[in-house]
Amino acid sequence: MFIMPLHIAYESAVRWRKNISADGKVSYTMSTRRINHGFPTGALSIGSFISKHIHDLDIKILDANTLLLRMESLSFQKPLSRSEFFEACFDKIGRFSPDIIGFTCMFNGTYNDLRDFAAAAQTCFPRAFIVAGGHLAAAVPDRIFSKETAVRAVCFGEGEIPFLNLCRAFIDNRTEEYLREAISWITAEKQAAGFVPRRELIEDLSEIPPFNLNMLVFQKEFLEPHPYIYLKEERKNLKEIMLFPTRGCPYHCIFCSSQNVHGHEVRTSYIECLKDELLYYNKEYGITSFVFFDDYFLYKKDSAVEILNFIADRGWHAETPTPSFYSIDDDIARAMARAGIKAVEVNIENGNQETLTDIIHKPSNLKRAERTVASLRKHGIMPIATVLLGFPGETIASMMKGINYLKTTDFEWFLIWIVTPLPGSELWDMCLKEGYSDGTLSGDYETPEIETKDFSKQLIAYLYYSYNKWLNFENNRYFRRGEWKKALDFFEEVSGSICNASFLNYYYMALCAKKNGDEEKFESYRKLFLQGAEDESNPNPICRKWIEKELKPL
């Protein structure tokens, strides 16, 4: 069995609201923060690869994020504790009794739950052999083994070959012997002895068979379209799957830890095999929307255009939410539009070229990003920018230079994130070495973890809201021109997306409604703003200070 823990720690993800009925009965409901359905494509890939070589295995994949989202519609007699939530996860697999349990730990926030989740798994299934893998686990085995843990081994690199070999060893009753000799499995004993793991990678990704989605405990939610940027009406009734037809990246961006698992060499599937895979998903599961979430889907232009046209010719839909923007030209943008793509996230990261080159080591430049935006606009695709705030080496002056440039660009929306050091990245090593971070693994990308001589955590937390205000609202083309109805329509559309600082969105929706003379919408959005601001400010006094200083009363 594979388990995908919550993307961020349980206590950070859940907020409880006390309800009192007319007859005085008390109940509790939860709301979640920064939680989306998980995308256990790694577990699906590993499970499908194992099943190709070892028949008659019963494999289940449980996404804890989906269960938590399901619980939002429920009422509880008391708030659910972390351990009670973990137990509820295991209730979902019925009588299934796993021999091996693998935790897939991708994000910083999963670290805080891993130890207790693994302990709960060991309690429920005392005979199970528990392991962990993924970007985070592969980078911090020393932390995982620093205290008593139910995790017996950590996989370094990609998991298909190591897990296949582990299953074979388990079947042959030689698990411990295999782990002692395995080049990509780390145990507490090997970690203490200074063991240096090596990756075992599949060179030809076509060797991985199409995913068997029947392994998923929550298959329905997995196939539902997700608002990668925002969810247009025409996608809402489609069945959708996320795919990674390439692995590896040749570049060395300071914040990225992907190479720790996949390496720097780019590996791909053969194009005809990928076409067969799309046909399989459509025939077996009725899937008509295909999301290519790897940065290097556009790595080979001719192949990317051919696949996009293959999808378009069948009346299907494609998404490429976060491609390498320096690969996009008119030909690719045209093929994207044909395949139904409405918006693309351009990972520009910063508006200061010196920061891009000297600090981030981004393999492109602002002029190339401008050409990408022009190509996307030409073919009716909305360009969304990703902006990261708070790199070591940045100063207030360099940040303001970046902001001033971004205000001149033709992006439709900006996704603002606070820089978070990821274990396995150059940034992580730098922050620990220079004392910029204490190595806390929260990972919600909205809480500052870095502090240098040039900026404090408090300043970055304050600027996070200011960046959103400056770029997404005050600089909005309709808002600037006083076209209140158009501005309101746009903000309403974006509010159904992954929209940071949603209370701020409600504030400007209320403001636009008031300017447009719509008192009913004004009052509705004003109330939502006040509630959202209160929810955000309770655990965050900087947010409250920012609201009092930067927003005029409605």
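One finds no salt bridge joining R544 and E548 here, because no Lys/Arg side-chain nitrogen approaches an Asp/Glu carboxylate oxygen to under 4.0 Å. Ion pairing between E412 and R477 holds under the 4.0 Å rule for side-chain N and carboxylate O.
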Q | Stepwise side-chain contact (heavy atoms from CB on, under 4.5 Å) test for F218 and I61 | A | CA-CA 8 Å; F218 301 120; I61 299 173; over 6 Å; no
Q: In sequence, state the C-alpha distance, the side-chain angles, and the governing distance for F2 and F163, and then conclude on ring-ring contact (aromatic ring centres under 6.0 Å, His included).
A: CA-CA 11 Å; F2 293 99; F163 264 93; 5.2 Å; yes
(Q) Could you walk me through whether W413 and F473 satisfy the ring-ring contact (aromatic ring centres under 6.0 Å, His included) test, starting with their C-alpha distance in whole Å, then the side-chain angles of each, then the deciding distance to 0.1 Å, before giving a yes or no? (A) CA-CA 9 Å; W413 188 259; F473 298 101; 5.5 Å; yes
Q: Might you work through the ring-ring contact (aromatic ring centres under 6.0 Å, His included) test for Y462 and F455, ending with a clear yes or no?
A: CA-CA 11 Å; Y462 196 92; F455 57 77; over 10 Å; no
Q | Stepwise side-chain contact (heavy atoms from CB on, under 4.5 Å) test for N260 and H135 | A | CA-CA 7 Å; N260 202 42; H135 290 68; over 6 Å; no
Q: Kindly indicate, with the supporting measurements, whether the criterion ring-ring contact (aromatic ring centres under 6.0 Å, His included) is fulfilled by W484 and F479.
A: CA-CA 6 Å; W484 309 119; F479 189 86; 5.3 Å; yes
**Q.** Verdict with reasoning, S48 to F211, per side-chain contact (heavy atoms from CB on, under 4.5 Å)
**A.** CA-CA 6 Å; S48 300; F211 300 157; 4.0 Å; yes
Q: Report the C-alpha distance between Q458 and E451 in whole Å, list the side-chain angles of each, state the deciding distance to 0.1 Å, and finish with yes or no for side-chain contact (heavy atoms from CB on, under 4.5 Å).
A: CA-CA 9 Å; Q458 292 76 13; E451 191 166 63; 3.7 Å; yes
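For F391 and Y436, the gap between ring centers reaches or exceeds 6.0 Å.
Between the side chain of N65 and the main chain of H7, a donor-acceptor pair closer than 3.5 Å is present. Judged by distance alone, with hydrogens and angles left aside, the side-chain atoms of R480 form a donor-acceptor pair with the main-chain N or O of N475 at under 3.5 Å. Checked by atom type and distance alone, the side chain of S537 pairs as donor or acceptor with a backbone atom of A533 at under 3.5 Å. Formation of a donor-acceptor pair under 3.5 Å by the E449 side chain with backbone atoms of P421 is not found in this model. Remark: the backbone N or O of G390 is paired with a side-chain donor or acceptor of E394 at under 3.5 angstrom. Side-chain atoms of N282 come within 3.5 Å of backbone atoms of I287 as a donor-acceptor pair (strictly under, hydrogens ignored). The closest donor-acceptor contact from the side chain of R115 to the backbone of E148 lies under 3.5 Å.
Annotation: K545, atom NZ; neighbour count of heavy atoms from other residues, nucleotides and ligands within 6.0 Å does not exceed 12. Atom NZ of K485 is surrounded by 12 or fewer heavy atoms from other residues, nucleotides or ligands within 6.0 Å.
Rounding to the nearest 0.5 Å gives a distance of 14.0 Å between NZ of K342 and CD1 of I384. Atom CD1 of I130 is separated from atom CE of M1 by 8.5 Å, given to the nearest 0.5 angstrom. Interatomic distance, CD of Q122 versus CD1 of I101, reported as 7.5 Å (0.5 Å rounding). Interatomic distance, L389 CG to M399 CE, rounded to the nearest 0.5 Å: 5.5 Å.
Counting heavy atoms from C-beta outward, S257 and W428 have side chains that stay 4.5 Å or more apart. Residues P40 and T104 fail the side-chain proximity criterion, which asks for heavy atoms closer than 4.5 Å. Looking at I460 and I450, their side chains never come closer than 4.5 Å, going by heavy atoms from C-beta outward. Contact check for F503 versus C543: side-chain heavy atoms found under the 4.5 Å cut-off. Taking 4.5 Å as the limit, every side-chain heavy atom of M509 sits out of range of all side-chain heavy atoms of K521. Taking 4.5 Å as the limit, some side-chain heavy atom of R17 sits within range of a side-chain heavy atom of D535. Between D489 and K486 there is no side-chain heavy-atom pair separated by less than 4.5 Å. Under the 4.5 Å side-chain criterion, counting only non-hydrogen atoms from C-beta, F411 is not in contact with V387.
With hydrogens and angles left out, the side-chain atoms of D518 and N516 include no donor and acceptor closer than 3.5 Å. Judged by distance alone, the side chains of E550 and S466 never bring a donor and an acceptor atom under 3.5 Å apart. A side-chain donor-acceptor contact under 3.5 Å links T386 and N347.
Nearest heavy-atom pair across I254 and M430 is CD1-CE, 3.5 Å. What you find for I542 and A461 is that their closest heavy atoms are CD1-CB, 3.8 Å. In terms of heavy atoms, F414 sits closest to L406 at CZ-O, 3.7 Å. In terms of heavy-atom proximity, I59 sits nearest to S51 at CD1-OG, 3.6 Å. Shown here for N476 and N472, the closest heavy-atom pair between the two residues is CB-O, 3.7 Å. In plain terms, the two heavy atoms of F222 and L213 that are nearest each other are CE2-CD2, 3.9 Å.
Each of Y506, Y507, Y508, F522 was compared with F529 under the ring-ring contact (aromatic ring centres under 6.0 Å, His included) criterion, and only Y507 meets it. For the side chain to side chain donor-acceptor pair (under 3.5 Å) with Y525, the lone residue among K514, E492, E520 that qualifies is E492. When each of Y467, Y464, Y465 is tested with W546 by the rule ring-ring contact (aromatic ring centres under 6.0 Å, His included), just one qualifies, namely Y465.
In this pair, F76 and W16 present their aromatic rings perpendicular. The plane angle is above 60°, beyond the 30 to 60° band.
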Acceptor/donor pairs from residues 21-29 side chains to any protein atom, 3.5 angstrom cut, sequence neighbours excluded:
residue, atom, partner, partner atom, Å
S21, OG, D23, OD1, 2.3
S21, OG, K25, N, 3.1
S21, OG, K25, O, 3.4
D23, OD1, K25, N, 3.4
T29, OG1, N19, ND2, 3.2

